[in-house]
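In what follows, a structure is listed as structure tokens, so that the remarks can point back to it.
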Amino acid sequence: MVYFTKHARHRLESFGLSRDIVIEALRRPEKVFYDTLTGNFIAVKLHEAKYLIVAFNVDKDIKVITVLLTSKHNIIINRERRGRWVRIA
């Protein structure tokens, strides 16, 4: 089961995204990272020429923490290069 925090639901609304798009990014991400600062996982998928970045954690279920839709690829590159995000898939 996939749950969305109140913050994540707000972000979906602000970006005009549906839950289905986020669930698809979780099912078929282009990259998955572990965020060493927060302990969350990060799924990245291209969506309409932008990067959909989904922060989530997994216990029994998947909890989506926040969502970002950006054209700035350097966010991903910099966090990986500096070691904050460690690629796991």
Side-chain angles (χ1 to χ4, degrees):
M1 184 96 185
V2 178
Y3 295 98
F4 291 78
T5 64
K6 184 177 180 180
H7 174 74
R9 290 191 307 268
H10 175 74
R11 300 288 283 181
L12 286 176
E13 186 178 315
S14 69
F15 288 118
L17 297 170
S18 71
R19 291 180 185 208
D20 290 339
I21 290 168
V22 173
I23 291 169
E24 178 65 20
L26 294 171
R27 286 188 180 143
R28 293 183 183 85
E30 294 179 18
K31 296 180 183 180
V32 179
F33 298 94
Y34 175 74
D35 186 332
T36 61
L37 183 64
T38 65
N40 294 322
F41 295 99
I42 310 294
V44 178
K45 185 169 182 77
L46 276 174
H47 174 71
E48 297 179 359
K50 293 187 177 182
Y51 295 93
L52 177 59
I53 300 171
V54 181
F56 67 100
N57 62 37
V58 180
D59 191 7
K60 292 185 311 184
D61 299 307
I62 296 171
K63 180 166 67 171
V64 176
I65 308 299
T66 192
V67 177
L68 175 65
L69 186 63
T70 182
S71 60
K72 298 178 181 176
H73 187 244
N74 64 330
I75 291 172
I76 299 162
I77 292 169
N78 289 339
R79 289 184 183 173
E80 185 175 17
R81 186 173 36 109
R82 293 181 180 144
R84 176 174 170 181
W85 289 0
V86 177
R87 188 167 180 181
I88 57 175

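Atom set for the values below is all heavy atoms of this structure, side chains included, hydrogens, waters and symmetry mates excluded. All values reported here derive from a predicted model rather than from experimental measurement.
Two different hydrophobic clusters hold L37 and I76 under the rule that ILVMFWY side chains link at heavy-atom gaps under 4.5 Å. Residues L69 and F33 are members of one and the same hydrophobic cluster, defined by side-chain heavy-atom contacts under 4.5 angstrom among Ile, Leu, Val, Met, Phe, Trp and Tyr. A single hydrophobic cluster is seen to contain both L52 and V2, as judged by linkage of ILVMFWY side chains at heavy-atom distances under 4.5 Å, directly or through other members. Hydrophobic cluster membership is shared by Y51 and L17, with clusters built from Ile, Leu, Val, Met, Phe, Trp and Tyr side chains linked at under 4.5 angstrom. Cluster annotation: V32 is not connected to I77 through the hydrophobic network of ILVMFWY side chains, with a link wherever side-chain heavy atoms come within less than 4.5 Å.
Considering only heavy atoms from C-beta on, R11 comes within 4.5 Å of L68 through its side chain. Here the side chains of R84 and T38 are in contact, with some heavy-atom distance below 4.5 Å. Within the 4.5 Å cutoff, side-chain heavy atoms of R19 are placed close to those of R9.
Atom NZ of residue K31 and atom NZ of residue K45 lie 13.5 Å apart, to the nearest 0.5 angstrom.
A salt bridge is defined here as a Lys NZ or Arg NE, NH1 or NH2 lying under 4.0 Å from an Asp or Glu carboxylate O, and E24 with R28 meets this definition.
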Do V22 and F4 pass the side chain to side chain contact (heavy atoms under 4.5 Å, CB included) test, and can you show the C-alpha distance, the side-chain angles, and the key distance before you say yes or no? CA-CA 10 Å; V22 173; F4 291 78; 3.8 Å; yes
Residues F41, I62; criterion side chain to side chain contact (heavy atoms under 4.5 Å, CB included); working and verdict: CA-CA 10 Å; F41 295 99; I62 296 171; over 6 Å; no
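E30 contributes a side-chain N or O that, together with a main-chain N or O of L46, makes up a donor-acceptor pair within less than 3.5 Å.
Between W85 and the options D35, T36, N78, a side-chain hydrogen bond (donor to acceptor under 3.5 Å, both in side chains) holds for only D35. Screening I42, V67, T66 for a side-chain contact (heavy atoms from CB on, under 4.5 Å) with I53, the sole residue that qualifies is I42.
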